[in-house]
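See below for the structure under consideration.
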Amino acid sequence: MTAVVSLENVTFAYGEQPAVRDVSLTVDQGDFLGLIGPNGSGKTTLLHLMLGLHSPDSGSIELFGEPASAFSEGERIGYVSQQATSRGGTMPVTVREVVTMGRFAHVGHGRLTEADHDIVTDALETVGITALADRQVTQLSGGQRQRAFIARALASEADLLALDEPTVGVDAESRDEFYQLLDSLNDSGITIILIEHDIGVVTDRANRIACLNTELYHHGDTESFVESDALTEAYGTTGHVVEHHH
Amino acid sequence: MRDLTSLIGSEIGTETSADANADTDADTTTNTTDTHHTRMHDTRRRLELGGIALTGLLAVAMLGFLTLDWLQEYPYASALYEQFRIAGRLLDYYLGTNVFSHPYLWRSMATGVLIGVVGPLVGTYLVHREMALIGETLAHTAFAGVAIGLLFSSTTDWSGSLLLVALVVGILGALGVQWLTERTDTYGDVPIAIMLTGSFAVGTLIISYGRGLTGLNIQNFLFGNLSVITPSGARLMGILSVVVVAVVAVTYKQLLFITFDEQAARVARLNVTWYNTLLIVMTAVVVVGAMQVLGVILVAAMLVIPVAAATQLAHSFRETLYLSILFGQVSIIGGFALSISQSLPAGGSIVVVGIVAYLLAVLVSDQSAAAVSVH
């Protein structure tokens with residue numbers, strides 16, 4: 001079985017400032033990888049490298065067994081960016097229009113068929129926002145909006161879902177439901193890579209942890225991470241650890 | 001119509017969680033008002049589609065006129081062209097006007113109607129990418145192109161179309177802005193301001209240098225002028241419009257995805273740089289066409305104002321596109337009526353009518369917002 005993502009000795013710098021140094025890791029099919037680390041530790045950069053949005057200065061990155069830069073099956077990846085940076089502040093776009101974007105990589109310049117629209121309807125149903133389909137995305141709450149983006153990934157029939165702090169600014173209750181949804185998607189076979197500042201959420205959900213602070217401090221299953229000192233090493237004495245309270 | 005949707009919406013919205021009980025409540029609310037709401041929604045949709053169909057017919061008729069105007073030397077076309085002239089005279093006779101019997105005014109109107117379609121069409125993407133002023137910038141670049149063309153034609157025997165030179169320079173300017181933007185990582189206002197003032201500066205230098213060599217009035221290009229729209233200028237607008245509408249029809253989905261979420265579009269392996277370049281080149285093309293009527297200084301208005309008005313009222317992106325074209329037509333036709341009846345400059349009249357329509361749209365959407373008090 002080929003790995004979904006595999007990185008070998010990847011280094012990347014913005015100018016002189018190294019963001020990611022000598023990182024090697026693999027994500028297998030069906031994994032739920034939690035990517036954690038202090039602010040500015042290079043988590044988002046690493047995720048962008050994995051998705052082929054940046055090219056590494058050295059080392060190699062493969063997506064589904066192909067070099068990430070040459071990978072062309074965009075529909076296999078669903079990406080949910082940080083809410084604060086996602087576009088469309090005042091743009092009138094309905095939830096259904098957003099989810100339909102998931103089909104665009106499939107149809108190219110062609111027309112959307114009845115089957116495409118059915119897939120969109122199913123995706124809306126799966127994440128539980130059918131009733132909101134004709135609402136504008138800008139009118140949704142944070143949790144509902146992130147569900148819409150998940151639905152877009154489902155509509156594109158992605159087998160890899162990459163999420164960058166998806167629940168910033170989402171209330172606790174919606175957040176729990178959002179992570180339940182991720183769990184059930186993971187159970188159905190979708191590989192998930194999640195950046196999350198709340199370490200408790202990650203250790204509760206993920207089966208693999210990558211703990212990063214420019215360099216990789218831990219990469220392996222969740223149990224061994226919890227027992228290791230990787231967290232304190234990566235965050236150092238000055239780092240601020242967000243604990244999960246039940 | 002909008003208040004109803006928002007009303008239903010805000011009731012669901014207050015139950016921020018998708019909690020099972022909350023969902024049931026929201027569903028009940030939706031169901032009771034559903035049929036009424038659907039009916040109003042359908043009426044609104046039919047009206048919009050009707051408006052778009054009418055606009056389409058008008059645009060096709062205008063393209064037809066431009067074609068006849070072009071081919072009037074040829075046997076069949078000349079007969080049809082005569083019919084057109086007669087129809088124009090009849091129209092004038094019954095309306096008591098002195099407009100439709102003049103071919104040059106038909107040309108202006110044809111150019112205007114086409115600007116009212118392609119301006120908002122391209123503008124919808126620009127405005128929502130926060131690139132509203134790119135049109136203004138490219139207009140100034142095109143102005144430099146006009147200046148270069150003037151100098152070139154006065155110092156050599158070349159007697160081609162100034163607009164063609166403006167088009168080439170405008171497209172080069174568009175690629176230049178794109179290049180600067182890629183290297184400064186944002187459509188910030190700095191590269192735009194540099195390009196805008198820089199190309200205008202070059203234009204003024206060239207005109208000043210070439211003064212005395214040419215008799216052409218540069219004011220027509222700055223402020224636009226209905227009576228100087230040449231047959232070849234109108235024809236250029238016709239061709240450009242067909243191309244732009246065709247390109248947007250084919251790339252509608254990709255441009256939408258990139259406008260809404262550029263990063264996700266990159267991840268989905270859309271060629272973002274290529275589509276960005278396509279959009280900015282189309283902007284240059286539209287600007288050069290529209291410059292004839294609106295002038296360099298006001299040309300950005302047709303890319304921005306109808307879209308701003310449509311955004312106030314639209315529910316979806318597709319509806320924004322439709323409404324912005326309708327607002328574009330209202331501005332153009334209203335502006336022409338004002339301009340011709342009051343002997344005012346067309347560019348200014350079109351922009352003022354557009355802004356009045358925009359303010360009305362703000363008032364209408366404000367009222368519905370107040371009725372619901374969203375957030």
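These values consider heavy atoms only, across backbone and side chains, with no hydrogens, waters or symmetry-generated copies. Residue numbers start from 1 in every chain, and the chains themselves are labelled A, B, ... in the order their sequence lines are given, proteins ahead of strands.
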Of the backbone (N, CA, C, O) and the side chain (C-beta and beyond), which part of [X] lies under 4.5 Å from a heavy atom of chain B, both, or neither?
X      : result
A:R76  : neither
A:V95  : neither
A:L51  : both
A:V107 : side chain
A:L63  : side chain
A:F178 : neither

Would a 4.5 Å heavy-atom cut-off, applied to side chains only, mark B:L256 and A:M101 as touching?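 Counting from C-beta outward, B:L256 and A:M101 do come under 4.5 Å.
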Please tell me if the side chains of A:M91 and B:V127 come closer than 4.5 Å, counting only heavy atoms from C-beta onward.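 Contact flag for A:M91/B:V127 side chains = no.
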Sidechain-backbone polar pair: [X] side chain, [Y] backbone, donor-acceptor under 3.5 Å:
X      : Y      : value
B:Q263 : A:V80  : no
A:Q136 : B:S316 : no
B:R269 : A:E75  : no

A:N39 atom CG, over 12 foreign heavy atoms within 6.0 Å: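 No - once you tally the heavy atoms of other residues, nucleotides and ligands closer than 6.0 Å, there are 12 at most.
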Crowding at CD, A:E125 (>12 non-hydrogen neighbours, <6.0 Å): no
Can A:Y79 and B:D261 be said to form a side-chain contact (heavy atoms from CB on, under 4.5 Å), step by step? CA-CA 10 Å; A:Y79 177 60; B:D261 193 343; 5.7 Å; no
Residue pair A:R152 / B:A264: nearest heavy atoms and the distance that separates them: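 So the minimum-distance heavy-atom pair works out to NH2-CB, 3.2 Å.
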B:A314 versus A:P92, closest heavy-atom pair with distance: O-CB, 3.7 Å
Please round to the nearest 0.5 Å and tell me the distance separating atom [atom1] of [X] and atom [atom2] of [Y].
X      : Y      : atom1 : atom2 : value
B:R318 : A:R96  : CZ    : CZ    : 13.0 Å
B:E319 : A:E97  : CD    : CD    : 9.5 Å
B:F257 : A:T100 : CZ    : OG1   : 11.0 Å

At a heavy-atom separation under 4.5 Å, does B:T320 approach chain A through its side chain, its backbone, both, or neither? side chain
side-chain contact (heavy atoms from CB on, under 4.5 Å) between A:H109 and B:K253, intermediate numbers included: CA-CA 8 Å; A:H109 294 299; B:K253 294 191 287 294; 5.8 Å; no
